[in-house]
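The next block holds one structure in the form of C-alpha cells; read it before the comments.
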Amino acid sequence: MSIDIKLPDGSIRNYDSPVTGYQIAESIGPRLLKDAICIEINNTFKDLSFSITENNTVRIVTNKDLDALHILRHSSAHILAQAVLNIYPDAQFGVGPSIENGFYYDFLFSNPIKESDLLNIELEMKKISKSSQSFIRSEISKKEAIKLFKNQNLKKELIESAETGEGVGNESVSLYTNNKFVDLCMGPHLPNTGLLKHFKLTKISGAYWRGDEANVQLQRIYGTSWFTKEDLNTYLTQQEEAEKRDHRKLGNELNLFTSSEELGSGNFLWKPKGAVLRDVIESYSKRAHLDNGYSLVNTPHIGKSVLWETSGHLEHYSENMYPPINHEENNETYYLKPMNCPFHILVYKSDLHSYKELPLRYFEFGSVYRYEKTGVLHGLLRLRGFTQDDAHIFCTKDQINDEVKTLLSFSVKLLGSYGLTEIEADLSTKPKKYIGSDSDWDNATSSLKQSLTELGVPYQIADGEGAFYGPKIDLHAKDAIGRRWQLSTIQIDFAQPDNFNIEFVNSDNKKEKPVMIHRALLGSVERFTAVLLEHYAGNLPGWLSPNQVDVLTIGNVEKYTDKIIRDLKGFRVTLDDRNIRLGEKIHNSEKSKTPIQIIVGEKDYENSTMAINIFDQDNNKDIEYKEGIKIVRKLLKEPEFNLNG
RNA sequence: GCCGGAGUAGCUCAGUGGCAGAGCAGCCGCCUUGUAAGCGGCAGGUCAGGGGUUCAAAUCCCCUCUCCGGCUCCA
C-alpha cells in the first residue's frame, strides 16, 4: 500500500503508508527538515509527527512562515507553564494561548508573584529550552484526565465543562507531554522545546478566570517570542518607539495638558499650548461642517431627570452616568449629560418641521461626562469628561442612503485632512436584543454596507455588535506605526424619535417620524488629539503645531525681527532674542518640536536674507527675504477641505 | 470595580531605618554669542495625604487619593 502526497507546488510524492511530516520534509531536503515546524493538511495544522494515512495535499510549515509564529508562541506558553510549575509546584495553571506578538499563561499562585520573579521564570524557561524536550501528543479518556489533573482544579474544570477547545473533546482529551510536564492541548506544537530561543517575559497582570468578572482572578504572565534574535529586537525596539510616542509623555514634555490629584481622575487641564492645538483642531472641523450643510447648535452640560427617563439613558446607561444632582428645596433632580442627543432632540422639537427642511443636521462640540470605572481610564484616550464632535441628523427613511454615503465620505476626507489616511471600517449588525422592525434594520444595514462598498472603504462585519436601537459603522485609522485607532462612529437610531415623539410634516400633510443618525467623526477632541500626537510622535504638521515658527536671533536685529513677525501675522510665532548662543536656542526650539526655525543675524539684515530650518529637512541658509516668507507661509498652510474634490 | 506595580523640587530621577540629593528648568551675575545645551552663584521639599511600629521612618505596616500595566467594561 502506498499514498500520494501532493505538495503546494503541485508535485506529487509517493510514500509507504503511513507517512509523517518529518518523513516528508526529510525526503525533500535536510534544510527543510531543519526549518520545519508543523504541517498543514485539510486546512488544519498538525504536528510533524502526525501520521498521514491517505492521499492528501500537505504543506510543510517552516519557521519563515507566519503561521509558524503562532505555533512557536503557543509552545512558548507551554514552556512558561512548565517553568512556573517547576519553581512553584503548588501553582494552579489555567489557559495559555498565543496572542499577537506573543503569548500568555494564567496561573493561580498561593502567594502572588511579582514582576521581579519573571527573571527567575525566564531562566527556568531557558533551561527547558536548552534540554530540547520533545512535545509528544497523546489522547486519554476524560475520566483518566480528571485523575491525572487531580490537583489542578482549573484544568479539571476545563475538562468537566466539556466545551471543545483547549484539548477537550467529547469523550477523550488531547494532551501534550514534554519531559514530565503535561498540559491539555489540541496542538500542534513545535517539534521540541529547543526551538524556543528568542523570547522575553514582558509583564504580569490580573485576569479573570474564563474572562468572567464573577470568577476568581488569576495572575497572567505575558511574554513575546520569535524565531530570530533580530525579530525579537525589532519588536522590542518598536515597543520603545511606541513608548516615546505616548501622548501622556508628549503632553507633559510639550506643555499641552496636565492632570491633578485635586482635580480627580478622568479629567485633564489644557494648558495654553494644548488649548491652541485643540482650538485649531476644532476650528478646522467646525468650518468643514458649516460649509457642508450642518447648523451649529449649543447645549448645556446638565438636564433634568425627566429628559434622561424619556431618552432611556437612566434605564440603559445609568451605570455610566454621574450620580444625580439633587436640588432639594425645589425638589428637582439633574444629571450631567453622558450624551448630547436628548438636547439636540429638544432643539428639533422647539420648531415644527416640514419634509422640505430635511435632512436637518445639528452640530456641536458637546462635552459629555461618563462615570468610567477607575481602572479603564487612560490619559486622553479614555476619560470621564470629554468633548464629542457630535452631530445628529434628522432625515426621512428614504434619505438614509444618501446621508450615510455623504457622511462616510465626509469623515474619510476630514480624517485625511489631519493626516490619517488609512481608514478601515467595522459594520455592526443587529444584536439579539433590539427594537424596531426587521425591515428597518435590513434597509439601514444595507444602506451602510452599500455606502462602504461604493466609497471603497475596506470593512469587516461585527455580527450582532450593533446598539439595540440601530446598526452602526465605526471607522478606524491606522497610524504611522501601524496601530489601529477607533475614531468615527455613525449610528442609525430608530428609538429616540419614538421616545421623544418627534415628527415632521410630510408632503401629504401628515405627521411622520424622522430617523436619527448619530455621528461623531473625530470621536472625542481629547482622544483625537492624543491619536494625532502619537501618530506624529509629537512632530505635528505646521498648521496644527501650537507654536509654528521660532525666530532665533544672532546679535541685535530687532528691526529685522519686527518685520518678520509683522509679515507672518496670523501665524503663531515666537521670538527668541535672548543673549545666548545660537546652539542653545536651536536646542530649545527642537525640544519644543516647533516645525520651523527662522534664524537671522546682522549679515541677514544687511543682505535681506534668512536661514530656515524645517523639521525633518536639510537646513537652508541665505534665503532671500520674500522667498523665505513665502516658503514659511506655504509650509504652514492648512489643508483645503473639499468634499467633492 | 478587580489583580499587580508606583508616587521624593516645576520636569527627569538617585536615595532600603540614622543630616533631604543630582541634572535640567527658574532667579541673579559674567560671557556678545552664526546651526542640538557657555561659565559661576542663589533659590527651590507636607518625600502624595492620614494613621501606626520604632530611640529614630522617604525607607517597615494599615487606610485614602493619584498614576502606570493588564483583566472586566465601552447601551
Side-chain angles (χ1 to χ4, degrees), chain A residues 99 104 106-109 112-118 202-222 243 246 248-249 252-255 258-267 271 311-321 338-339 341 370-379 381-383 428 431 433-435 465-470 472 474 486 489 491 493 495 518 523 552-557 577-592 597-604 609-613 618-622:
Chain A
I99 52 171
Y104 68 76
D106 288 346
F107 302 94
L108 187 60
F109 293 96
I113 60 158
K114 293 179 178 173
E115 202 119 335
S116 53
D117 296 319
L118 292 185
T202 48
K203 59 195 166 196
I204 192 164
S205 83
Y208 297 108
W209 172 233
R210 309 193 112 181
D212 188 338
E213 218 172 347
N215 285 343
V216 63
Q217 193 160 41
L218 310 175
Q219 277 194 297
R220 176 170 294 176
I221 300 175
Y222 284 92
E243 259 173 56
D246 191 315
R248 293 166 297 190
K249 200 175 136 99
N252 192 28
E253 285 170 6
L254 303 179
N255 254 303
T258 185
S259 61
S260 156
E261 207 174 307
E262 292 145 281
L263 178 66
S265 297
N267 283 293
K271 298 162 89 166
S311 69
H313 282 90
L314 283 177
E315 194 185 337
H316 297 287
Y317 201 70
S318 57
E319 268 187 24
N320 284 295
M321 288 169 71
M339 293 181 197
C341 30
R370 300 181 183 176
Y371 198 84
E372 303 280 3
K373 290 179 180 177
T374 48
V376 308
L377 301 171
H378 185 94
L381 292 170
R382 190 87 181 261
L383 294 166
S428 300
K433 216 181 104 190
Y434 65 96
I435 58 145
E465 294 291 310
F468 68 90
Y469 52 77
K472 64 170 178 176
D474 293 321
Q486 194 203 310
T489 174
Q491 209 152 324
D493 184 352
H518 307 242
L552 312 181
T553 60
I554 305 149
N556 188 358
V557 283
D577 59 357
R578 292 175 296 168
N579 287 330
I580 55 173
R581 283 158 184 80
L582 178 61
E584 191 172 341
K585 296 187 186 187
I586 290 173
H587 172 79
N588 290 330
S589 175
E590 299 272 338
K591 214 172 66 177
S592 72
Q597 297 158 356
I598 294 178
I599 301 165
V600 286
E602 279 175 30
K603 258 194 285 177
D604 294 290
T609 58
M610 62 176 72
I612 306 177
N613 293 353
D618 290 336
N619 299 339
N620 307 281
K621 283 184 187 169
D622 302 323

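By convention in this document, chain letters (A, B, ...) are assigned in the order of the sequence lines, proteins followed by strands, and residues within each chain are numbered from 1.
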Item checked: Position toward the 5' end of RNA chain B (nearest nucleotide), A:L218 or A:Q491 -> A:L218
Next item on the list: Using Watson-Crick or G-U wobble geometry with both distances below 3.5 Å, tell me the partner of B:C19, or none.
Entry: none
Next item on the list: Determine the minimum heavy-atom distance between A:H313 and A:C341, stating which atoms define it.
Entry: CE1-SG, 4.2 Å
Margin query: Between B:A14 and B:U66, how far apart are the two P atoms, rounded to whole Å?
Written below: 24 Å
Check: Can you name the residues that form a side chain to side chain contact (heavy atoms under 4.5 Å, CB included) with A:K603, not counting sequence neighbours?
Finding: none
Note to self: Between P on B:A25 and CG on A:N252, what's the gap in Å once rounded to a whole number?
What the structure shows: 16 Å
Checklist line | Pairing partner of B:U54 (Watson-Crick or G-U wobble, both distances under 3.5 Å) | finding: none
Notebook entry, point to check: Which value, in whole Å, describes the distance between the P atoms of nucleotides B:G52 and B:A57?
Noted result: 12 Å
Check: In the structure shown, which nucleotide is the Watson-Crick or G-U wobble counterpart of B:C42, with both distances under 3.5 Å?
Finding: B:G26
Notebook entry, point to check: If you measure from the P atom in B:A9 to the same atom in B:G15, how many Å do you get, rounded?
Noted result: 15 Å
Notebook entry, point to check: How far does the C1' atom of B:G41 sit from the matching atom of B:U35, given to the nearest Å?
Noted result: 29 Å
Checklist line | B:U59 versus B:C63 - spacing of their P atoms, nearest Å | finding: 16 Å
Item checked: Partners passing salt bridge (Lys or Arg N to Asp or Glu O under 4.0 Å) against A:D474 (at least two apart in sequence or in another chain) -> A:K472
Checklist line | Letter per nucleotide, 5' to 3', of nucleotides 69-74 of chain B [B base touched, S only sugar-phosphate touched, - untouched; heavy atoms, 4.0 Å] | finding: BBBBBB
Checklist line | Under 3.5 Å: donor-acceptor pair, side chain of A:S592, backbone of A:S589 | finding: yes
Next item on the list: Write down the partner of B:G69 under the Watson-Crick or G-U wobble criteria, each distance required to be under 3.5 Å.
Entry: B:C3
Item checked: Partner residues of A:D246 under the side chain to side chain contact (heavy atoms under 4.5 Å, CB included) criterion, sequence neighbours left out -> A:R248, A:K249, A:E534
Check: Who pairs with A:N255 by side chain to side chain donor-acceptor pair (under 3.5 Å), at least two apart in sequence or on another chain?
Finding: A:K271
Next item on the list: Output all residues satisfying side chain to side chain donor-acceptor pair (under 3.5 Å) with A:S428, sequence neighbours left out; order by chain, then residue number.
Entry: none
Margin query: For A:R370, give me all partners under salt bridge (Lys or Arg N to Asp or Glu O under 4.0 Å), at least two apart in sequence or on another chain.
Written below: none
Next item on the list: Grab the NZ-P distance between A:K585 and B:C31 for me, whole Å please.
Entry: 17 Å
Margin query: Run the side chain to side chain contact (heavy atoms under 4.5 Å, CB included) test against A:P431 and tell me which residues pass, sequence neighbours left out.
Written below: A:Y434, A:W441
Next item on the list: Taking atom P in both B:U32 and B:G44, compute the distance separating them and give it to the nearest angstrom.
Entry: 31 Å
Checklist line | Atom pair distance, as rounded to whole Å: NZ in A:K249 and C1' in B:C13 | finding: 12 Å
Next item on the list: Using the C1' atom as the reference point in each nucleotide, state the distance between B:C3 and B:C11 in Å, no decimals.
Entry: 31 Å
Notebook entry, point to check: Considering residues at least two apart in sequence or located in another chain, which fulfil the salt bridge (Lys or Arg N to Asp or Glu O under 4.0 Å) criterion with A:E213?
Noted result: A:K373
Polar atom pairs between nucleotides 62-66 of chain B and protein, under 3.5 Å, N or O only, would you list them?
from	atom 1	to	atom 2	distance (Å)
B:C65	O2	A:E261	OE2	3.2
B:U66	OP1	A:S265	OG	3.3

Margin query: Using the salt bridge (Lys or Arg N to Asp or Glu O under 4.0 Å) criterion, which residues pair with A:R578? Sequence neighbours excluded.
Written below: A:D576
Check: In this structure, which one of A:L552, A:V557, A:I554 forms a side-chain contact (heavy atoms from CB on, under 4.5 Å) with A:V600?
Finding: A:V557
Next item on the list: Mark up nucleotides 32-40 of chain B, 5' to 3', with B wherever a protein heavy atom is under 4.0 angstrom from a base atom, S wherever such an atom reaches only the sugar-phosphate, and - elsewhere.
Entry: BBBBBBB--
Check: What distance, rounded to whole Å, do you find between the two P atoms, one in B:C67 and one in B:G26?
Finding: 29 Å
